[in-house]
Amino acid sequence: MAPLKALEAEYRILDPNFQAFCASHGIFSVEDFLIHDLYELAAFAEQQPTSEKLKQGITQVLSIMDTQHQPWLNGMELLDDALHNKHVLSTGCEGIDLLLGGGLREGQLTELVGPSSCGKTQVCLLAASNVATKHMGNVVYLDTGNSFSPQRIAQFVGHIAGHAFDEAGKGIFQRIMNSIVCHSVFDIFTMFNVLHRLVINFPSQLQKGGQVRLLIVDSISSLITPILGNSGSQGRALMISAGYMLKKLAHEHNVAVLVTNHTVGGERGIPKPALGQTWKSIPHVRLLLSGDHGNNVRSISVLRHPSMIS
């Protein structure tokens with residue numbers, strides 16, 4: 001589902017006045033309507049000079065939600081979808097793949113948590129390289145801190161392929177590198193717009209045979225932490241919307257989503273994932289990456305997984 005601004009051209013009733021009214025109540029996208037009391041919102045609209053147009057806008061958004069509602073699926077249909085459409089993608093890291101039963105599962109949001117400089121970005125770059133090389137899939141990489149390294153990607157691709165690319169293999173190398181697309185994203189609203197454009201382009205990508213199989217956000221906490229500061233419920237609403245959009249995209253388009261998150265101090269100084277209790281329940285899978293800065297050894301553990309005891 002889209003940001004309200006992106007719907008204005010198609011639905012004129014969702015004009016800047018309606019968007020401003022919604023923004024004053026912490027609503028910036030269709031998803032935000034799902035977590036708001038619509039009766040209360042309609043009551044606020046009644047108090048405005050343009051109450052009738054605002055109520056028409058609310059009705060229009062509800063109509064959009066109805067048309068995009070997915071049909072009910074029974075257990076066999078869900079199982080069939082999981083077996084035939086939700087494949088497992090190797091990350092290229094043997095330890096992580098072993099822990100996850102093969103790798104990242106399409107249709108799921110996996111979160112990689114860890115302190116600064118523990119190797120989260122390296123895992124993301126390796127996963128992107130492996131999916132593009134071994135699974136022949138396109139990768140969309142949302143870089144929030146200028147940490148994306150095409151040179152490192154090239155090294156990983158060469159290592160995964162098992163050889164340096166000669167003249168005959170340069171075309172293959174170029175195809176792999178071109179299948180990894182990086183967007184610099186520095187705020188959550190830009191991320192919403194990028195994801196909306198991605199969803200719009202999915203049909204044309206399938207026709208061209210270039211299906212996106214992995215979406216990486218490195219890091220999600222860099223986008224969410226600034227809006228949680230002093231914005232109260234509005235910040236939490238945007239965070240929930242971000243999580244909902246990523247999970248919806250993963251499920252409906254059979255994409256594996258990998259996001260990174262940093263750690264903060266917890267009880268007795270023990271590090272814990274950032275973004276608090278509200279975000280805690282959003283990822284399907286949560287992994288904790290840690291290590292000793294004095295050596296190259298890293299350890300990883302499962303904090304949450306839908307099919308295993310953490």
Side-chain angles (χ1 to χ4, degrees), residues 1-7 14 18-42 44 57-58 61-62 64-70 107-113 140 142 144 185-199 215-253 255-264 266 272-287 303-306:
M1 294 185 190
L4 295 179
K5 185 173 179 59
L7 297 171
L14 308 183
F18 178 78
Q19 294 171 38
F21 168 74
C22 291
S24 68
H25 294 279
I27 299 174
F28 298 90
S29 66
V30 175
E31 289 92 334
D32 292 340
F33 275 83
L34 297 171
I35 54 175
H36 278 75
D37 185 334
L38 297 184
Y39 291 102
E40 183 180 81
L41 189 66
F44 281 119
I58 294 172
V61 173
L62 293 176
I64 294 171
M65 292 166 62
D66 285 339
T67 59
Q68 297 186 2
H69 176 69
Q70 296 298 303
Q108 290 187 348
L109 170 59
T110 300
E111 179 187 36
L112 183 61
V113 181
V140 175
L142 305 190
T144 70
V185 176
F186 300 114
D187 63 77
I188 196 167
F189 303 105
T190 302
M191 185 187 78
F192 284 149
N193 286 328
V194 170
L195 295 180
H196 178 55
R197 293 201 308 271
L198 182 62
V199 170
L215 168 66
I216 296 172
V217 184
D218 182 27
S219 74
I220 192 68
S221 50
S222 295
L223 302 178
I224 293 177
T225 300
I227 64 173
L228 291 179
N230 299 313
S231 55
S233 60
Q234 178 179 324
R236 288 193 297 274
L238 286 170
M239 177 173 66
I240 294 171
S241 293
Y244 172 84
M245 180 177 285
L246 289 169
K247 291 174 74 172
K248 186 173 186 290
L249 185 151
H251 174 69
E252 294 185 357
H253 299 282
V255 175
V257 178
L258 175 63
V259 303
T260 64
N261 186 7
H262 66 276
T263 56
V264 294
K272 65 177 183 179
L275 304 182
Q277 292 297 313
T278 304
W279 175 263
K280 180 180 179 180
S281 61
I282 291 178
H284 296 96
V285 179
R286 301 191 94 188
L287 303 174
L303 299 179
R304 172 188 173 92
H305 197 289

Closest non-hydrogen atom pair, Ala242 against Met191: CB-CE, 3.8 Å
- line: Between the CZ atom in Phe192 and the CG atom in Leu246, the distance rounded to the nearest 0.5 Å is 8.5 Å
- prompt: Can you find a heavy atom in the side chain of Lys280 that is under 4.5 Å from one in the side chain of Arg286?
  reply: yes
- prompt: Mind checking what makes side-chain hydrogen bond (donor to acceptor under 3.5 Å, both in side chains) contact with Thr190, not counting sequence neighbours?
  reply: Asp187
Euclidean distance, Ile188 CD1 relative to Thr225 OG1, rounded to 0.5 Å: 10.0 Å
field: Residue pair Asn261 / Ser221: nearest heavy atoms and the distance that separates them
entry: OD1-CB, 3.1 Å
For the student: nearest non-hydrogen atoms of Gly57 and Leu14, plus distance: O-CD2, 3.6 Å
message: Using 0.5 Å steps for rounding, measure from the NE2 atom of His284 to the CD atom of Glu111.
response: 12.5 Å
- request: For Lys272, enumerate each residue passing the side-chain contact (heavy atoms from CB on, under 4.5 Å) test, keeping only those at least two apart in sequence or located in another chain.
  value: Val264
- prompt: Do you know which two heavy atoms are closest between Gly243 and Trp279, and how far apart they sit?
  reply: CA-CZ3, 3.9 Å
message: Using side-chain contact (heavy atoms from CB on, under 4.5 Å), reason through Val140 and Val255 one step at a time and then give a plain yes or no.
response: CA-CA 10 Å; Val140 175; Val255 175; over 6 Å; no
field: Ser29 and His196, any side-chain heavy atoms less than 4.5 Å apart
entry: no
task: Give the minimum heavy-atom separation between Gln108 and Pro306, together with the two atoms involved.
output: NE2-CG, 3.6 Å
Approximate separation, where rounding is to 0.5 Å, of His253 NE2 and Leu198 CG: 7.5 Å
statement: By side-chain contact (heavy atoms from CB on, under 4.5 Å), Gln19 pairs with (sequence neighbours left out) Leu4, Lys5, Glu8
message: Tell me whether Lys247 contacts the main-chain N or O of Leu109 through its side chain, where contact means a donor paired with an acceptor under 3.5 Å.
response: no
- request: Mind checking the OG1-CD1 spacing from Thr110 to Ile216? Nearest 0.5 Å is all I need.
  value: 11.0 Å
- prompt: Do Leu195 and Leu142 pass the side-chain contact (heavy atoms from CB on, under 4.5 Å) test, and can you show the C-alpha distance, the side-chain angles, and the key distance before you say yes or no?
  reply: CA-CA 10 Å; Leu195 295 180; Leu142 305 190; 4.3 Å; yes
task: Check side-chain contact (heavy atoms from CB on, under 4.5 Å) between Phe186 and all other residues, then give those that pass, not counting sequence neighbours.
output: Asn146, Ser184
message: Once side-chain contact (heavy atoms from CB on, under 4.5 Å) is applied, do any residues pair with Ala250, and if so which ones, sequence neighbours excluded?
response: Val257
field: Euclidean distance, Leu228 CG relative to Leu275 CG, rounded to 0.5 Å
entry: 6.5 Å
message: With heavy-atom distances below 4.5 Å as the criterion, would you say the side chains of Ile27 and Val61 are in contact?
response: no
message: Which residues pass the side-chain hydrogen bond (donor to acceptor under 3.5 Å, both in side chains) test with Ser222, not counting sequence neighbours?
response: Ser219
message: Applying side-chain hydrogen bond (donor to acceptor under 3.5 Å, both in side chains), can you list everything that pairs with His25, at least two apart in sequence or on another chain?
response: none
- request: Please answer whether the main-chain N or O of Thr260 pairs with a side-chain N or O of Asp218 as donor and acceptor at a distance below 3.5 Å.
  value: no
field: Geometric class of the Phe18/Phe21 ring pair [parallel <30°, tilted 30-60°, perpendicular >60°]
entry: tilted
